[in-house]
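Positions are given from 1, in the same order as the sequence printed here. A quick note: this is a predicted structure, and the numbers were derived from the prediction, not measured.
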Amino acid sequence: MRILIADDDAEHVAVLSSLLQLLGHECECFTVPRLAVTANDKNPYDIVLTDLCMPDMNGKEVLQHVVSKKTKTIVIIITGLYDPQMAAELLAQGAYALFTKPLDVNQLIRSIELLGVKQDNLST
């Protein structure tokens with residue numbers, strides 16, 4: 001799957017990207033969220049994986065922007081500040097899932113793999 005990663009923490013981006021690439025995914029990484037949404041506008045990704053708290057443009061704004069384009073791009077949000085009300089709001093606005101830091105990488109991978117299976121089933 002083509003995955004766009006948007007997170008202002010360059011180290012987190014590098015680790016996550018390396019792991020996903022080892023699993024066969026194509027990743028493009030951005031530490032500036034506005035550049036990430038511009039890249040997704042030009043050529044929509046299968047998944048946008050974004051941090052919630054970032055300067056300049058937060059994950060909620062990334063979600064709203066991606067959803068407004070009405071593509072099939074799925075948005076997964078990662079946050080260090082879990083708030084049940086905020087989680088419910090993000091899911092209602094179109095986020096596929098919300099993961100908290102420290103990130104349970106196995107859970108994230110399972111979710112991405114499940115999305116890949118769903119996508120395969122839709123295309124056959």
Side-chain angles (χ1 to χ4, degrees):
M1 297 186 87
R2 293 182 62 243
I3 301 173
L4 182 150
I5 302 171
D7 192 328
D8 59 320
D9 182 340
E11 185 176 324
H12 188 252
V13 166
V15 170
L16 201 49
S17 174
S18 295
L19 175 65
L20 292 170
Q21 287 174 355
L22 283 173
L23 295 171
H25 301 288
E26 177 187 334
C27 296
E28 190 165 0
C29 304
F30 295 89
T31 55
V32 179
R34 291 203 186 278
L35 296 177
V37 296
T38 299
N40 190 64
D41 287 349
K42 290 179 182 174
N43 188 11
Y45 288 77
D46 298 313
I47 298 172
V48 169
L49 185 58
T50 182
D51 188 22
L52 182 59
C53 297
M54 299 180 287
D56 183 39
M57 182 179 205
N58 64 40
K60 182 178 178 181
E61 293 168 315
V62 171
L63 170 66
Q64 291 168 339
H65 183 89
V66 171
V67 169
S68 75
K69 298 300 177 181
K70 300 189 186 315
T71 65
K72 293 182 180 181
T73 302
I74 292 166
V75 179
I76 297 174
I77 297 179
I78 299 172
T79 182
L81 306 169
Y82 182 75
D83 172 1
Q85 184 175 349
M86 175 64 78
E89 183 181 322
L90 293 168
L91 293 170
Q93 289 180 4
Y96 173 78
L98 184 120
F99 293 95
T100 57
K101 293 178 184 176
L103 184 60
D104 181 341
V105 176
N106 291 324
Q107 187 179 16
L108 175 64
I109 290 168
R110 280 192 300 276
S111 291
I112 291 171
E113 288 173 350
L114 181 62
L115 287 169
V117 168
K118 284 182 181 179
Q119 208 172 42
D120 288 344
N121 288 340
L122 290 175
S123 63
T124 56

Under 4.5 Å between side-chain heavy atoms, hopping through other hydrophobics if needed: is there a path connecting [X] to [Y]?
X	Y	value
Leu108	Ile47	yes
Ile5	Tyr45	no
Phe30	Val75	yes
Val48	Leu90	yes
Leu19	Val15	no

pair Ile76-Leu115: side-chain heavy atoms closer than 4.5 Å = yes
Verdict with reasoning, Asn40 to Val62, per side chain to side chain contact (heavy atoms under 4.5 Å, CB included) | CA-CA 10 Å; Asn40 190 64; Val62 171; over 6 Å; no
Calculate, to the nearest 0.5 Å, the distance between atoms [atom1] and [atom2] belonging to [X] and [Y] respectively.
X	Y	atom1	atom2	result
Met86	Lys60	CE	NZ	5.0 Å
Ser68	Asp41	OG	CG	7.5 Å
Glu61	Arg34	CD	CZ	6.5 Å
Ile3	Glu26	CD1	CD	9.5 Å
Ser17	Glu28	OG	CD	10.0 Å
Asp8	Met57	CG	CE	13.5 Å

Arg110: what forms a side chain to side chain contact (heavy atoms under 4.5 Å, CB included) with it, not counting sequence neighbours?
-> Asn106, Gln107
Trace of the side chain to side chain contact (heavy atoms under 4.5 Å, CB included) decision for Tyr82 with Leu98 = CA-CA 9 Å; Tyr82 182 75; Leu98 184 120; 3.6 Å; yes
Show your reasoning for whether side chain to side chain contact (heavy atoms under 4.5 Å, CB included) applies to Leu63 and Thr50.
-> CA-CA 8 Å; Leu63 170 66; Thr50 182; 5.9 Å; no
Which heavy atom of [X] sits nearest to which heavy atom of [Y], and what is that distance?
X	Y	answer
Pro33	Thr31	CD-O, 3.7 Å
Ser111	Phe99	OG-CZ, 3.4 Å
Leu4	Ala36	CD1-O, 3.3 Å
His25	Met1	ND1-N, 3.2 Å

Are the side chain of Gln21 and the backbone of Ser18 linked by a donor-acceptor contact shorter than 3.5 Å?
-> no
Check for a donor-acceptor pair, side chain of Arg2 on one end and backbone N or O of Pro44 on the other, with a separation under 3.5 Å.
-> yes
With Val13 as partner, the option from Asp7, Leu49, Asp51 fulfilling side chain to side chain contact (heavy atoms under 4.5 Å, CB included) is Asp7
Yes or no on side chain to side chain contact (heavy atoms under 4.5 Å, CB included) for Leu16 and Ile78, after CA distance, side-chain angles and deciding distance?
-> CA-CA 12 Å; Leu16 201 49; Ile78 299 172; 4.1 Å; yes
